[in-house]
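Please read the structure below before turning to the comments.
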Amino acid sequence: METLQPLRHPPRSEEELMRQASRLAGYSLSELATLAGLPIPGDLKRDKGWIGVLLELWLGASAGSKPEQDFAAIGVELKTIPVDKLGRPLETTFVCVAPLTGNTGVVWETSHVRHKLHRVLWVPVEGERRIPLGERRVGTPLLWSPSAQEEEQLRRDWEELMDLIVLGRVEKITARHGEVLQLRPKAANSRALTEAVGAHGEAILTLPRGFYLKKPFTAALLARHFLL
DNA sequence: ACCTGATCATCG
DNA sequence: CGATGATCAGGT
């Protein structure tokens, strides 16, 4: 009697989402891919989003590109996160693209970063490269919202970074800026360009950027979960 | 060993 | 191009 199967519709509640996500814990990616009829790439070099797509499929998120949350009806965003054997993140977490123009008057309260991170379902997945992709296993899911302290850290970093963008200093920003949130390139390659504000208020072309959560931030929120 | 900057696939 | 999904990999 095989009852494990992908959700055929978007989850109608956080409870339904968590019930399904919890059932996936312990399964390998090859098991989930086979049951879902999804081919397994040899590695992630040319399929960097494959694990995310696989989990979207299993959890009933409409895969592909939408500017919405993954589970818009219940206001939840899905993030798969590669972790080592101790559950610590191996990568930073992409949040959203940074707007480089038209930012006069923007505020944290209505920002894309705050909206995206309001409610997140974290699904840890074994990510060490020595483990063959298909043998990597899915971990225990965590439904998270920023604590007051976490939101304050995020807001401070966002405001600092947005100030630099508005003031035409985007090209002075490095990944070292920000305590928990960083700004880094987010593009197909280094030749992709987008419009931004220059040092003298003029329009310039620069690399598209994205907001990412630094590893210590996600490590802390995952650790809190596993220790409780 | 780790982090920052660079990169890969797909879709509308 | 820019949004979605992220990881790669060389330099420090």
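The basis for the numbers below is simple: all heavy atoms, side chains too, and nothing from hydrogens, waters or symmetry mates. Every chain is numbered from 1 and lettered A, B, ... according to where its sequence line falls, protein lines coming before strand lines.
- Of the listed nucleotides (B:dT7, C:dG5, B:dA9), B:dT7 has the atom at the smallest distance from the side chain of A:Pro185.
- Each of A:Leu55, A:Leu59, A:Thr80 was scored for a side chain to side chain contact (heavy atoms under 4.5 Å, CB included) with A:Leu121, with one residue passing: A:Leu59.
- Closest to the side chain of A:Ser190, from the set B:dA9, B:dT4, B:dT7, is B:dT7.
- Side-chain nitrogen and oxygen atoms of A:Thr194 include at least one within less than 4.0 Å of the OP1 or OP2 phosphate oxygen of C:dG2.
- Residue A:Thr92 is the one, among A:Asn189 and A:Thr92, whose nearest nucleotide of DNA chain B lies closer to the 5' end (criterion: closest heavy atom).
- The side chain of A:Thr93 contributes no N or O atom lying less than 4.0 Å from OP1 or OP2 of C:dA6.
- Regarding contacts with the backbone of B:dT4, every side-chain N or O of A:Arg176 stays at 4.0 angstrom or more from both OP1 and OP2.
- Taking every side-chain heavy atom of A:Arg46 into account, B:dC8 is the closest of B:dC8, C:dG5, B:dT7.
- Rounding to whole angstrom units, CG of residue A:Asp43 and P of B:dA9 are separated by 11 Å.
- As rounded to whole Å, 18 Å separates atom P of B:dA9 from atom CZ of A:Phe94.
- We find that CZ of A:Arg184 is positioned 12 Å from C1' of B:dC2, with the value rounded to whole Å.
- Mapping A:Val95 and A:Arg191 onto DNA chain C via the closest heavy atom, the residue that lands nearer the 5' end is A:Arg191.
- If you check every strand for non-hydrogen atoms under 4.0 Å, A:Leu207 touches sugar and phosphate atoms only.
- Rounded to whole Å, atom C1' of B:dG5 lies 17 Å from atom CZ of A:Phe211.
- Between A:Arg224 and A:Glu150 there is a salt bridge, with a side-chain nitrogen of the basic residue lying less than 4.0 Å from a carboxylate oxygen of the acidic one.
- Ion pair A:Glu151/A:Arg155 not flagged as a salt bridge, since none of the NZ, NE, NH1 or NH2 atoms sits closer than 4.0 Å to an Asp/Glu carboxylate oxygen.
- Taking only side-chain atoms of A:Lys116, from C-beta outward, the nucleotide of C:dG5, B:dG5, B:dT7 with the closest atom is C:dG5.
- When the P atom of B:dT4 is taken as reference, atom CG of A:Leu213 falls 14 Å away, rounded to whole Å.
- In this entry the distance linking CZ of A:Arg129 with P of B:dC2 reads 13 Å, nearest Å.
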Assess whether salt bridge (charged side-chain N to carboxylate O under 4.0 Å, His left out) is satisfied between A:Glu128 and A:Arg136, documenting all intermediate values.
-> CA-CA 8 Å; A:Glu128 291 174 325; A:Arg136 299 181 193 177; over 6 Å; no
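- Comparing atom distances between the A:Leu44 side chain and each of C:dA3, C:dC8, C:dG5 picks out C:dC8 as nearest.
- Side-chain proximity of A:Val97 to C:dC8, C:dA3, B:dG5: nearest is C:dA3.
- Within the nucleic acid shown, A:Ile51 has no heavy atom closer than 4.0 Å to any nucleic acid atom.
- Distance from the side chain of A:Lys186 is smallest for C:dG5 among the nucleotides C:dG5, B:dG5, B:dT7.
- Following rounding to the nearest Å, A:Glu128 (CD) and B:dC2 (P) show an atom-to-atom distance of 11 Å.
- Under a 4.0 Å N-O distance rule, the pair A:Glu179/A:Arg156 qualifies as a salt bridge.
- In this structure, A:Pro82 and A:Glu195 both approach DNA chain C, and ranking their closest nucleotides by distance from the 5' end singles out A:Glu195.
- Rounded to whole angstrom, the span from the CG atom of A:Leu59 across to the P atom of C:dG5 amounts to 13 Å.
- Counting non-hydrogen atoms under 4.0 angstrom, A:Asp70 reaches the backbone sugars and phosphates but no base.
- Counting non-hydrogen atoms under 4.0 angstrom, A:Lys215 reaches the backbone sugars and phosphates but no base.
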Candidate pair A:Lys116 and A:Glu68, rule salt bridge (charged side-chain N to carboxylate O under 4.0 Å, His left out), full reasoning | CA-CA 9 Å; A:Lys116 282 271 185 179; A:Glu68 288 268 317; over 6 Å; no
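- Backbone-only engagement by A:Gly52 is indicated by non-hydrogen atom pairs under 4.0 Å involving sugar-phosphate atoms exclusively.
- A:Lys45 contributes no side-chain N or O that forms a donor-acceptor pair with the base of B:dT7 under 3.5 Å.
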A:Leu44/A:Trp50 under side-chain contact (heavy atoms from CB on, under 4.5 Å): CA gap, chis, key distance, verdict | CA-CA 7 Å; A:Leu44 297 177; A:Trp50 184 78; 4.1 Å; yes
